[in-house]
Amino acid sequence: MSGPRRHVIIGTGVAGNQAAHTLRQREPDGSISLLTLSALPFYNRYDLPKVFRGIHDWRGFLVDPPSHYEEQRIELRRCTRVVNVDAQRKVVVLAHNEELPYDTLLVASGGRAYLPEELSEFRDLLDGFSSFEQAMAVQRKLPQGGRVAILGGDMIGLDLARTLLDTGHRVVLFAGKFTFWPHTEPPDQRVKLLDVLERMGVQIVDAEGRGGIASIQAGAAGFATRRVVLGDGTEFPADVVLPSFGLVPSVEFMLGSGVAIERGLLVSPTLRTSDASIMAAGDVCQIWSDEHKRYRFYYGWKNVRSMGELAARNLTGEDEPFVPVQDESLHEHDGTVIHSPFWEYA
Amino acid sequence: MRTDVQIAICGSAGEGTIAAGDILRSALAAAGYRIISFDAYPAEIRGFGKCVARLRATTEQVYSLKEKSDVLVCLNDEYGIPQVGEVRDFGAVVYEAKSITTLAAGAHLSAHLRPAQIPYPVAIRELSERATGATRSRNLVALGFLAGLYGLGVDPFLRIIDAKFKNKGAIAEPNRKAFVAGQQAGSQAFKLDLVSFGQPSAGQKSTILSGNAAVVQGCLDAGIDTFFGYPITPATTIMERLAVEMPRRAKRLVQTEDEISAIAAVIGAGYTGARAATATSGPGLALMSEMLGLGTMAEVPCVIFVSQRGGPSTGIPTKTEQSDLNMAIYGSPGDAPRIVIAPTNVEGCYRCAGKAFEMAERYQSPVIVLLDLYLSNRYETVVMPAAPPFEVDGDRLASKKELGPGYRRFALTKDGVSPRALPGMVGGMHVVTGLEHNEMGRVNEQPDNHEAMSRKRHDKLLHALHHPDFTQVKRFGDEGRVAIGLLAWGSTFGECLAAMFRARTEGVRCAAMKVVMMSPFPVEAVAEFIDQCDVVLVPELNYQGQFAHLVQAQTGRTVRRYNRVIGAPMPVEEIQAQMRALLAGDERKAA
Amino acid sequence: MPTSPVYLEDKLREVRESGRMEYRSRSLPTWCPGCGYFSIVDGLPGALNEAGIQPESTVVVSGIGCSSRFPFFVNTYGFHTLHGRVLPVATGIKTANEALTVIAVGGDGDGFAIGGGHLPHAARRNVDLTYLLFDNGIYGLTKGQTSPTSALGFRTSTSPYENADPPLNPLLMVLSYGATWVGQAYAGRPQQLEALIKQAIAHRGFSYLHILSPCVTFDKTDRTYQNLGMHVTEVPAAHDPGDLGAAMRLALQVQTPALGLYYRESRATMGDGLNALAEKAMGRGARQRAA
Amino acid sequence: MSAVVERQHDEAPVSVQASYSEDPRDVGWVVQNIPCQAACPAGTNVPGYIRAIAEGRHGEGYEINRAANVLPGVLGRICSRPCEPACRHGWPGNGESVGICDLKRSAADLKNAGHRITERLYAPTGKRVAIVGAGPAGVAAAHDLSVLGHDVTVFDREQHFGGMLRYGIPEFRLPRDILDVELRNALRLGVEFRGGHPIGKAPGETRLTELLKTHDAVLLAAGCVAPLPLALKLHGPGAAKMSSETDCPDVEHGLPFLMALHRGEKRSVRGRVAVVGAGYTALDCARVAMRLGAKEATIHIRTTEEYIPVTKVEIFEAKRESVRIKGLRAPVGIVVDEDGRLTGVRFVQNRLGAWRPDGRRQAIAIEGSEFIEPCDTLLIAIGQRTVNDFLDLAVELDQWHNVRIGDDGMTSVRGLFAAGDYVTGPTTVVEAVGRGRQAAQRVDAWLMGKSRRKRVVQITPVQAPLRERAYDFIARQQMRTAPLQERIAKGRDAQPCEVELGLDGEQTAQEARRCYLCNLKYQIDIDRCIYCRACIEVAPRNCILLVEGVEVRSDGSYGRLQEARDWNRVGAIWIDNNECIRCGACYRACPVDCITITRNEFVEVDTP
């Protein structure tokens, strides 16, 4: 190989950012480009509920100051959408029509909020909470003491619910099979957990038992702006409706690249995809588990960070398998507290 | 809240970059901000050259543009990329989100943003096409985006767009639509930068004027009667504005076939008692130099506005320079003294223009008002006086007693100014000639006469050094003895002032003096200033140090020079660097 | 409107093999898109190529103005001089080296305003050069002011109300100044333009080709492609180019400008005159010495 | 009054200025520049019919369609749309492809109620042709052969004509009234249909050799209806009582399941339905299962969703109906309980392998990764194959046991032709229609001793761009669909509800405007061009270039244009028709009118 390697990393989440920094430490000469759709450098999405605690300056969410990227010689390319990856030519094609060549590519594009297809026609009436901009939009939209309808109720949504309750808002949870995602709990345990939530102040609606969520409607003038309508015809008003059905990997741009994808990018335990120059890390990848003989997702901040670091190590000479670092159990404690690794972000 | 926002718009000449800057400037001025702005553009009309329109909108008085812009709008990636560096941290960069050609790695602007700059990719081209069916209104889309992003009032923009394009038929409506489309996109964009506009200060009603527009206003307020000119960058806009305004006042403007014809006509008109002027640049002044000698010899009042540009010869017509000082003062055959004044800011352009007519008439001489491209084209908000501060008729006309058979047109008087008889006046008939003549105006080649007349033509102008209500020189900054003094003329003075104020905030005792009167030279005041400074720095935009030469020759004192010919205003930080080097006694660093 | 397919590779081969590209410089012309001058910058190389004149024995001289950027876009010797001074400089070049093909180019302002004083003298002296005058009726480089050929009533930035001065009639002037080859072309008719340039160059003596061309940026109303295309006519087949009176009458036809050759006359050039003079002077000197 | 040629109310006047070309460069241009038509197995003149629709002439649009495929209303609903991924509007940077198929449906749905189909009939030839199989290939061939003047008889095993269209495709995708009208129209020119008339060797069946004797030519278009077998291992307490998975009452092959339903037989599904397979049949099975009251329906595929050969819309609609798709698994066995009822399917985990020669992705089982997916019904829809047991004479077969045909469409037996899925293996309806049409021409050529038609490029001048740039920003029109409740809740007893409802008139007009009309060729007359670049300035894409060279491909089409950076290398200014989106901006901007527009399209003309 002639000259320093060009490393391109897609995604500035926990995995991508960690990978960039580890890569820089291990390979001082290589060029590192970190691509993100966001207008901001890496910030902590787990912290986003803090917008309800009065933190409205995005600089308060940054993990590293902007100058850090320059010091580390990491090219940070924001507002950059990857439309496709030409694995043959080893080129990343960007939406603005630029072609970025790479020697190694790390896909760490993470997951985006899943919206079940049957609800897709109501997209315009739903909000999101996965970026600073979305969080601020929700914060601006929500009046003091306002009501938030959380559909599904994955752990990310439930974490937001805690903050919303703390800050004097009301939360209605439309429970269903996605509640507590990514945990799957036996029915008896589930009842207990829901009970804890109820005692925290969350209003629980058993959506599945009432014909499912039939539609989301705009509210009438003078009332809350949204209504959630269930299959049995009952309606619940809300100021903001947040779908919370877990994550699906953001892989659209990898389709057609030839890299093996099922739901996420399929990678070996050493995080290598089916293409020799491409690796993947974080919520975007399904890792082969020799133990389970299945491709598996590993969620949670600690796992994702560890994958980012491992990917960088394996890009620079190592060949180590991924070992989950986070226990995945969910339980309630003395009837009042829920313990989940997904709530333990430091 | 204090507002101090500098916006740069960068694109090619054909993309309407300058027009966008015009509209933005006018709209912000209409909203009540103080503005200082200056555009850089190339010679090609629309061609492919790069342009940058820059403006600084403030609530407090400022003297120059900032080194760092708060916002950069790029209409063209290729040209925009080198400009990205001028945007401060947490400032905004607005750029085209999509290229229609496939770009190599790094060819898109987004590749050049620093991590602390906030990107705003906007589908400028597409928004224009959607709104208007054509890509031409990209500039208005970008402008609309700024208005939307920063919550600027839409009405001033629309009014100005309507006014600007009203005579251009079919393009007014598309431009309006494009602006609105951009404005909607901007108001929907999530604002992440830390740039904001506060309420403009409610104060005196100010007007936004370019240097050339201020010249025009000065001419009109001084009662200009006739104007003859020939188009030449960067003076053309003086003629263009006068062409609109003078006919409204029943005054006459003629576009002549060349500069020789223009100055000749001006002298002809001046001879009849009319207030007459022309405007040109270096190459035109060169063509006028023979006729200017006639003006001096025949003692005809006339005003010549000269806006300097890069030279020599055709030079760099669209870049600023201060290299015609020597020609303005000396450029004529023979000993041909004349008055040369050089304003330092837009308001000064107004005052100098008006005062030039007063002086021309009072001292019966050509008066050159020396501007440069940076001054001609830069815009500032100016508080206009309630009534024109100019004397509208200062002619020293011959009295009944002086007229008659013994009338001496060139009488040697105490102040050197002779009584004029204008064609049409009974008893004043005389012949004016470019040949040396006696008091009666008759040809006379005798040495005594030639010496007397030469002295008369020279000495009468010295009175201009005390011309009333006119600032020949002015000192700013610390009083008394100072560690360093800046001595400057023309447009460069603004940057010197900014550098001086900054040096003072760093604890340096310093002062700056502007010199407006270039010929005759205010020797005493300048010499006194130099004597009070430990060291004097003369920054100017020419290679030879023409002003420094003049100062040294006139005062017999030594000054330090700093010369740049970069076609752009003197960077404030360079002046500061020179000052620091001089103060530190570092001879190597000081140029 | 022809509908038969154009095959690109055939056309490219045709252009490549023609040799005309030799006469173009590398720089892409920088005029505004749509400018009529593009037509000329392609026409001159074509004409020179057809005439078999070598690039290195050609000098293109210009004054100042949009049109005067021309020398930068042709692969010949070029001299971008001063505003209005193209003809004196070109005269100097031709006087000093008769072997050169000298092409003077310039605009209406350059040629008829500031340079108006030079034209009569180059014409009457019959300097053996070709003057291509690009007439767009406006000053483009300084962003749109009235020129000596702007129409009466035309609005520009220096005649914001209207142009009160009638335009001069360049063809009539040049005919009366004594030019020995006078023609008119239109930028929108590139093939005819090229043919006329070729004829003008071939003429021995002062040849003047007046080229009507729109300024798409600053003239949206008067001299547009649409208006010009509608009004131009052809020089009648019956016109006798040897008849100066007829040529002048044709030149008076300003509303419907005729395209083609107006006038052609064979007369001794300035160079011929100077040669004869030298011969005479040397002859006399020889006689004197002999005496 | 003199005789008037009757014209339909919406027929366009015939152009008289057209010229014709067989120059390979013009042919190459059409192939390269009209990607939708090139991608269509039937060669449909897509820009032609969309333009007719845009001008409100739906009937003419229908006829242009019908010239290539006799079932526009049918294909407008169920076509696999190979044209749409090819559409220039969907190329990078251009947005989304045009809803070509939706517009085809609109032409059929919105044409005047009194619309009359146009057939340009040849004189009767007296030749007799038999066709075996009344599926899309057979019907298309029968129609064309009858138009060409031959007497045609079609034989089919089923009672009604239509083949897979009628028996394979559920009614919620293809209402039967639409199907019937178009099939009848196709066969009404004297084609004799013999339903319930299998060709074969069994007693009472007509033998193929017999047909060959009584007809001048026989065309086999018997399709591909035998389900591919899947030998699954049997597990669980009840396994011992079974010999194969189909012995389990809860396991059935998908295609027979659908065909039985469509013959009117009763079928039901139980509880959680698993479908294995990845084509339309698998998807149809799952959606039908949901309508039959399944608790859930999951499609299990060997590769991944990315590689399912089904349109995205179909997948999305299935998902809206709660069908789920799980990838990378191959069934290896079933688990049955004591009563022989299904309790689960045993799968092996796959990984993706290399590309197969047919462009599909290989799936490789991972050893030791078997797992059981609990379910109550299993539908197997992994594909079909042809059946040749009806042949009573030796016909040469290929390696896949399909009959081999030559370039003339004929099998190894003189007078015996074959076409459609019967030759190619399972493909799509539009492919079958295209093959049927092609077969008809080959049969005709053989019968008549020469090709009576040939394809040329018709070049017609067009006086205006016909489009505006604003059209390019019209969003692709989303077809209305039936509400979920109506699709499923009522489905059990009520009439099957068509899921897709078609574009309405306004949507159709909007969608038709989106078409770039790629058959328009923009060219600069270089002899009149003055190189002023006014066109380049207004170009919305990088579509007009200063060119110094061009790569000419062997088929006559242009490859890469070599852009000139230097003035002395500029040979021409050229509109790259491959980049051109036919917005007309250059045409409007050209100051010297040197840009011409012509419509270039394939037409068939009589051979001399």
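All chains are named by letter (A, B, ...) in the order of the sequence lines, taking the proteins before the strands, and each is independently numbered beginning at 1.
- Of the possible polar contacts, one joining the D:Glu306 side chain to the A:Gly256 backbone as a donor-acceptor pair under 3.5 Å is found.
- Other residues, nucleotides and ligands place no more than 12 heavy atoms under 6.0 Å from the NZ atom of D:Lys295.
- Around atom CZ of D:Arg476, more than 12 heavy atoms belonging to other residues, nucleotides or ligands sit under 6.0 Å away.
- The line from OG1 of A:Thr273 to CG of D:Leu352 is 11.0 Å long, rounded to the nearest 0.5 Å.
- Around atom CZ of D:Arg356, more than 12 heavy atoms belonging to other residues, nucleotides or ligands sit under 6.0 Å away.
- For the atom pair OH of D:Tyr307 and CG of A:Leu255, the computed distance is 8.0 Å after rounding to the nearest 0.5 Å.
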Checklist entry - What do the steps show when you test A:Leu266 against D:Leu328 for side chain to side chain contact (heavy atoms under 4.5 Å, CB included), and what is the final call? => result CA-CA 11 Å; A:Leu266 302 177; D:Leu328 288 181; 3.0 Å; yes
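- Heavy atoms of D:Thr303 lying under 4.5 Å from chain A are absent altogether.
- Note that the OH atom of A:Tyr295 and the CG atom of D:Asn350 stand 9.5 Å from one another [nearest 0.5 Å].
- Heavy-atom pairs under 4.5 Å with chain D peak, among A:Gly258, A:Gly231, A:Ala214, at A:Gly258.
- Around atom CZ of D:Arg302, no more than 12 heavy atoms belonging to other residues, nucleotides or ligands sit under 6.0 Å away.
- By the neighbour-count criterion of 12 heavy atoms within 6.0 Å, atom CZ of A:Arg123 is sparsely surrounded, having that number or fewer from other residues, nucleotides or ligands.
- Put simply, OG on D:Ser369 and NE2 on A:His292 are 13.5 Å apart, with the number rounded to the nearest 0.5 Å.
- Using a cut-off of 4.0 Å between Lys/Arg side-chain N and Asp/Glu carboxylate O, D:Arg320 and A:Glu121 are scored as salt-bridged.
- Put simply, the side chain of A:Glu262 gets close to the backbone of D:Gly327: a donor and an acceptor are under 3.5 Å apart.
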Checklist entry - Can you list the steps and then say if A:Lys293 with D:Gln349 is a side chain to side chain contact (heavy atoms under 4.5 Å, CB included)? => result CA-CA 7 Å; A:Lys293 299 287 181 201; D:Gln349 179 79 36; 5.8 Å; no
Next on the checklist: Please determine whether salt bridge (Lys or Arg N to Asp or Glu O under 4.0 Å) holds for the pair D:Lys312 and A:Glu117, giving the CA-CA distance in whole Å, both sets of side-chain angles, and the decisive distance to 0.1 Å.
Outcome noted: CA-CA 13 Å; D:Lys312 293 276 172 278; A:Glu117 284 78 2; over 6 Å; no
